[in-house]
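Inspection log for the structure reproduced underneath, given as structure tokens.
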Protein chains: 2
Amino acid sequence: MNMNERKKKILAAIIQDYIQTAEPVGSRTISRKYNLGVSPATIRNEMADLEDLGLIEQPHTSAGRIPSDLGYRYYVDYLMEPEQLTPSQEELILRSYENKSQEIGKILVKTGQLMSQLTNYTSIVMAPRRGKPSKIKHIQLISMAPTQAMLIVVLDNGSVHHQVIDVGESISQADLEQVSKVLNAKLAGLDMQKIRLTILNEIYFELARYKIFMDAALGLLEDSQGSGNEDKIYLGGVYNMLNQPEFHNIEKVKTLLSLLEQEDVLQQILINFQGEGLTVKIGVENNCEEIKDCTMITATYKLDDEVLGSIGVLGPTRMEYAKVIAIVDHMAKVLNQVMNRLTRIPR
Amino acid sequence: MNMNERKKKILAAIIQDYIQTAEPVGSRTISRKYNLGVSPATIRNEMADLEDLGLIEQPHTSAGRIPSDLGYRYYVDYLMEPEQLTPSQEELILRSYENKSQEIGKILVKTGQLMSQLTNYTSIVMAPRRGKPSKIKHIQLISMAPTQAMLIVVLDNGSVHHQVIDVGESISQADLEQVSKVLNAKLAGLDMQKIRLTILNEIYFELARYKIFMDAALGLLEDSQGSGNEDKIYLGGVYNMLNQPEFHNIEKVKTLLSLLEQEDVLQQILINFQGEGLTVKIGVENNCEEIKDCTMITATYKLDDEVLGSIGVLGPTRMEYAKVIAIVDHMAKVLNQVMNRLTRIPR
DNA sequence: TGTTAGCACTCTAAGGCATTGAGTGCTAAA
DNA sequence: TTTAGCACTCAATGCCTTAGAGTGCTAACA
């Protein structure tokens with residue numbers, strides 16, 4: 001790509017101006033506002049070249065230029081000056097996590113809120129996903145009422161599932177302890193597949209008395225595999241988008257919102273970008289018709305070296321790239337710390 | 001209110017037509033489409049009366065009439081013919097709850113989805129709220145890894161809270177059993193306030209060794225009081241609203257969405273309507289500027305006789321009242337059954 | 001007395017048309 | 001290579017006209 005210094009400056013000027021004003025940028029504007037020391041005519045010539053290169057476009061003949069997806073890409077890769085968070089932003093973030101409950105869900109919600117608040121775009125936060133099927137670590141029965149027992153199943157990934165069971169007959173805590181022991185002996189260390197496929201019949205036979213507990217435990221396991229907190233997507237600041245001039249068109253809002261309501265699709269998009277650390281997907285790079293006018297900036301968060309999930313910000317391609325990149329990057333780092341501070345979940 | 005039969009028929013016709021078309025209804029339309037056996041001129045005279053009564057309004061001189069909030073109110077209270085769900089709708093609902101996990105969150109999400117799908121409006125589902133502070137039913141420690149223990153706290157309301165604790169030193173399952181016993185003996189049956197205010201110092205002194213577990217348990221309790229699943233609001237079909245012509249105006253969408261993002265405000269609105277069974281709040285009756293053009297239809301769901309929360313549908317005042325009322329009412333009943341089918345949580 | 005036909009009147013929506021102004025590309029001169 | 005000048009393009013704006021829907025009023029009618 002044949003880009004001299006002046007072209008770069010002009011492209012940067014166009015993009016910066018357009019990001020600010022959301023209006024097509026003309027040659028006069030650039031020559032007036034950005035001191036390039038050349039006349040509008042010269043800039044016009046350069047702009048014609050930039051258009052040939054596919055970096056900028058003209059909405060119609062008598063309008064100024066707007067950056068193309070490719071133009072933004074070039075800007076992000078080569079022209080943009082990295083930004084830092086302001087001290088007040090950093091402080092806001094720090095304060096937000098103080099006194100925060102240990103609950104993962106709340107932390108993720110807060111993270112999303114912060115991102116949308118700081119960027120004025122929409123934030124997307126993906127709940128942690130776990131890889132392999134989990135094994136039963138421990139089963140415990142607790143008497144809740146004469147005929148009712150609370151079944152608790154602890155998995156080795158650190159998740160806990162529970163359900164109250166009505167046993168029909170009165171049953172003592174001591175009895176329940178006994179049942180717990182038996183169930184533990186038989187089931188601990190197994191994942192659901194194993195239980196289902198190989199040992200089920202045997203145990204059922206042996207533990208016929210405890211069928212009701214077995215069934216409940218298996219039901220819980222099944223639920224937990226399917227997804228509990230997992231696969232959840234937290235959105236924040238959706239309505240920030242409506243303040244963007246590009247979404248003054250109802251149709252666009254509709255397609256965007258309909259996408260955002262489909263958690264599974266979002267999940268898939270995020271997962272596709274995952275594993276590359278911080279990613280910036282501009283317009284069509286998202287490979288998704290519904291957000292072909294949007295840029296998504298995502299980063300992953302981890303525990304130790306395992307990637308747990310992604311967080312990201314979705315906004316129009318006309319986005320304050322430097323600022324948002326700084327924020328998403330920072331938030332991912334903070335989230336890493338917070339996840340580590342939550343007492344470790346052993347695997 | 002001086003309403004003869006013909007006025008009632010005309011009002012009903014205006015409202016039904018307007019609900020269908022979203023266009024102001026003129027006298028000619030009514031005389032043509034609804035067989036009242038009178039000429040447009042007569043209808044005009046009656047319409048003038050209805051306008052004096054405040055039941056209908058004119059957007060401008062040369063337009064037809066549209067119902068006012070008061071008009072809808074009269075319609076709902078006196079004119080509307082109750083509807084039933086269609087068999088296919090009922091079946092859809094039934095099928096949706098089959099094979100549904102026992103998890104309350106998922107059931108509520110599904111309920112919201114169903115309501116928005118069936119009505120084409122936005123659904124709002126409030127998670128169950130509990131009344132009195134909960135007491136500790138059982139505390140259990142489980143060894144997860146050499147230096148890590150899972151703390152599980154079961155409350156008497158049937159909720160379970162858990163956290164992994166890093167103990168620093170290696171600790172055996174037997175030790176943990178021992179600690180569990182002690183903690184249970186001291187803490188079971190108490191709610192957090194009691195623990196905090198009266199016994200804390202004593203126990204701390206006595207159980208200095210177990211401080212780390214105590215702290216974690218208290219932390220969990222605190223979290224759970226604050227709200228876990230509670231106070232959560234599930235929204236569904238928000239973007240359905242964008243298909244309504246009244247929301248082709250971006251400003252209205254903005255105010256609506258900004259309201260829907262404030263869970264606490266929604267919560268408050270729902271709680272205010274609660275306890276009256278099925279409620280229909282039309283336009284300004286909502287006492288809320290942001291949704292003064294919307295109607296909210298809510299119903300409560302219960303366990304035994306205790307009201308747990310509300311579900312509802314939010315749409316434009318130009319709403320298919322009979323249909324939506326039937327659906328919300330039905331869904332509340334179904335939800336009651338489902339909640340009861342989930343094994344009872346003793347109090 | 002209630003109903004209706006007729007008619008003048010009002011007001012929005014839509015279309016046509018000229019004007020404005022921002023911005024371009026091209027050409028020729030510096 | 002840069003720039004001034006200029007003709008050209010095209011969306012946006014404002015103004016005007018027209019069409020059409022609907023009303024309220026009046027007077028005639030049953």
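Within every chain, numbering begins at 1; the chains are lettered A, B, ... in the order of the sequence lines, protein sequences first and strands thereafter.
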Let me know the distance between [atom1] of [X] and [atom2] of [N], rounded to the nearest Å.
X	N	atom1	atom2	result
B/R28	D/dG24	CZ	P	16 Å
B/M47	D/dG24	CE	P	8 Å
B/N45	D/dT23	CG	P	11 Å
A/K7	D/dT2	NZ	C1'	14 Å
A/I30	C/dG23	CD1	C1'	12 Å
B/Q58	C/dT10	CD	P	14 Å
A/E46	C/dT24	CD	P	13 Å
B/E57	D/dT23	CD	C1'	16 Å

Specify the residue among B/T61 and B/G37 whose closest nucleotide of DNA chain C lies further upstream toward the 5′ end.
B/G37

Taking the nucleotide of DNA chain C with the closest heavy atom to each, which residue, B/H60 or B/R6, is nearer the 5' end?
B/R6

Could you walk me through whether B/K7 and B/E46 pass salt bridge (charged side-chain N to carboxylate O under 4.0 Å, His left out), step by step?
CA-CA 6 Å; B/K7 278 199 178 56; B/E46 298 285 36; 2.9 Å; yes

Return the orientation label for the A/Y321 and A/Y75 ring planes: parallel under 30°, perpendicular over 60°, tilted otherwise.
perpendicular

Considering only [options], which nucleotide approaches the side chain of [X] most closely?
X	options	value
B/S27	C/dT4, D/dG24, D/dT23	D/dT23
B/R44	C/dG25, D/dT9, D/dT23	D/dT23
B/S62	D/dT9, D/dT3, C/dC11	C/dC11

Under the criterion side chain to side chain contact (heavy atoms under 4.5 Å, CB included), which of A/I93, A/I297, A/L85, A/V313 is the partner of A/I327?
A/L85

So which of A/I271, A/T300, A/L266 actually passes side chain to side chain contact (heavy atoms under 4.5 Å, CB included) with A/M126?
A/I271

Evaluation steps, side chain to side chain donor-acceptor pair (under 3.5 Å), between B/N243 and A/K254
CA-CA 8 Å; B/N243 292 321; A/K254 251 199 237 176; 3.0 Å; yes

Students often get this wrong, so: under 4.0 angstrom with heavy atoms, is B/A41 touching a base, only sugar-phosphate, or nothing?
base

